[in-house]
Amino acid sequence: MLVVLLGGARSGKSAYAEQLARRHEGAVTYLATAPHIAGDDDLEARIARHRADRPPVWATIEEELDLAGALERAGD
């Protein structure tokens with residue numbers, strides 16, 4: 001199953017994605033697309049919070065631009 005969530009910054013995408021993933025009975029690969037912007041301490045803090053919120057058993061791929069490549073790397 002593949003679920004794609006789109007929306008603006010701070011629209012609740014991550015919380016909703018995590019809610020869906022926690023209900024999923026199989027393996028989870030989480031694709032995070034937030035850009036890392038040098039000097040944006042607020043964004044870096046949010047990214048750190050999101051990382052901490054995800055269970056360590058979930059595979060995580062962080063990729064800002066090459067989403068097709070990230071999906072290929074994720075496999076099944």
Side-chain angles (χ1 to χ4, degrees):
M1 173 173 60
L2 173 66
V3 176
V4 177
L5 300 175
L6 304 172
R10 296 186 178 187
S11 64
K13 296 180 303 292
S14 295
Y16 186 59
E18 290 171 15
Q19 178 185 23
L20 291 175
R22 289 178 196 284
R23 292 192 306 216
H24 181 66
E25 294 181 8
V28 171
T29 300
Y30 191 99
L31 175 56
T33 60
H36 291 271
I37 301 170
D40 189 337
D41 294 337
D42 179 56
L43 178 59
E44 290 300 322
R46 289 195 331 250
I47 290 171
R49 269 194 316 276
H50 287 296
R51 285 178 179 150
D53 287 344
R54 293 191 292 265
V57 297
W58 291 359
T60 298
I61 299 173
E62 294 186 354
E63 175 58 56
E64 179 185 355
L65 301 173
D66 183 16
L67 302 185
L71 289 172
E72 282 183 17
R73 289 192 304 275
D76 292 335

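We number each residue from 1, following the sequence as shown. All values derive from a computational prediction rather than experimental measurement. Because only heavy atoms are used, hydrogens play no part in the values below, and waters and symmetry mates are left out as well, while side chains stay in.
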Check your understanding: Is it true that Leu6 and Leu71 fall in one hydrophobic cluster, defined by side-chain heavy atoms closer than 4.5 Å?
Key -> yes
Got a list of side-chain donor-acceptor pairs under 3.5 Å for residues 7-14, not counting sequence neighbours?
unit_1 : atom_1 : unit_2 : atom_2 : d
Arg10  : NH2    : Asp42  : OD1    : 3.4
Arg10  : NH2    : Asp42  : OD2    : 2.4
Ser11  : OG     : Gly8   : O      : 2.7
Lys13  : NZ     : Gly7   : O      : 3.2
Lys13  : NZ     : Gly8   : O      : 2.7

**Study point:** Under the side chain to side chain contact (heavy atoms under 4.5 Å, CB included) test, residues paired with Ala15 that sit two or more places apart
**Key:** none
Exercise for review: Can you sort out the partners of Glu62 under side-chain hydrogen bond (donor to acceptor under 3.5 Å, both in side chains), two or more places apart, ordered by chain and number?
Suggested key: Arg51
Exercise for review: Give the cluster check for Leu2 versus Ile61: same hydrophobic cluster or not, with ILVMFWY residues linked at side-chain heavy-atom distances below 4.5 Å.
Suggested key: yes
Exercise for review: Can you sort out the partners of Glu63 under salt bridge (Lys or Arg N to Asp or Glu O under 4.0 Å), two or more places apart, ordered by chain and number?
Suggested key: Arg73
Point to revise | Crowding at CG, Asp66 (>12 non-hydrogen neighbours, <6.0 Å) | key: yes
Atom pairs and distances, side-chain donor-acceptor, residues 16-34, under 3.5 Å, sequence neighbours left out:
unit_1 : atom_1 : unit_2 : atom_2 : d
Arg22  : NH2    : Asp53  : O      : 2.7
His24  : NE2    : Gly26  : N      : 3.4

Practice item. List, by chain and number, the other hydrophobic cluster members for Ile37, where Ile, Leu, Val, Met, Phe, Trp and Tyr join if side-chain heavy atoms come within less than 4.5 Å, directly or indirectly. Key: Leu43, Ile47
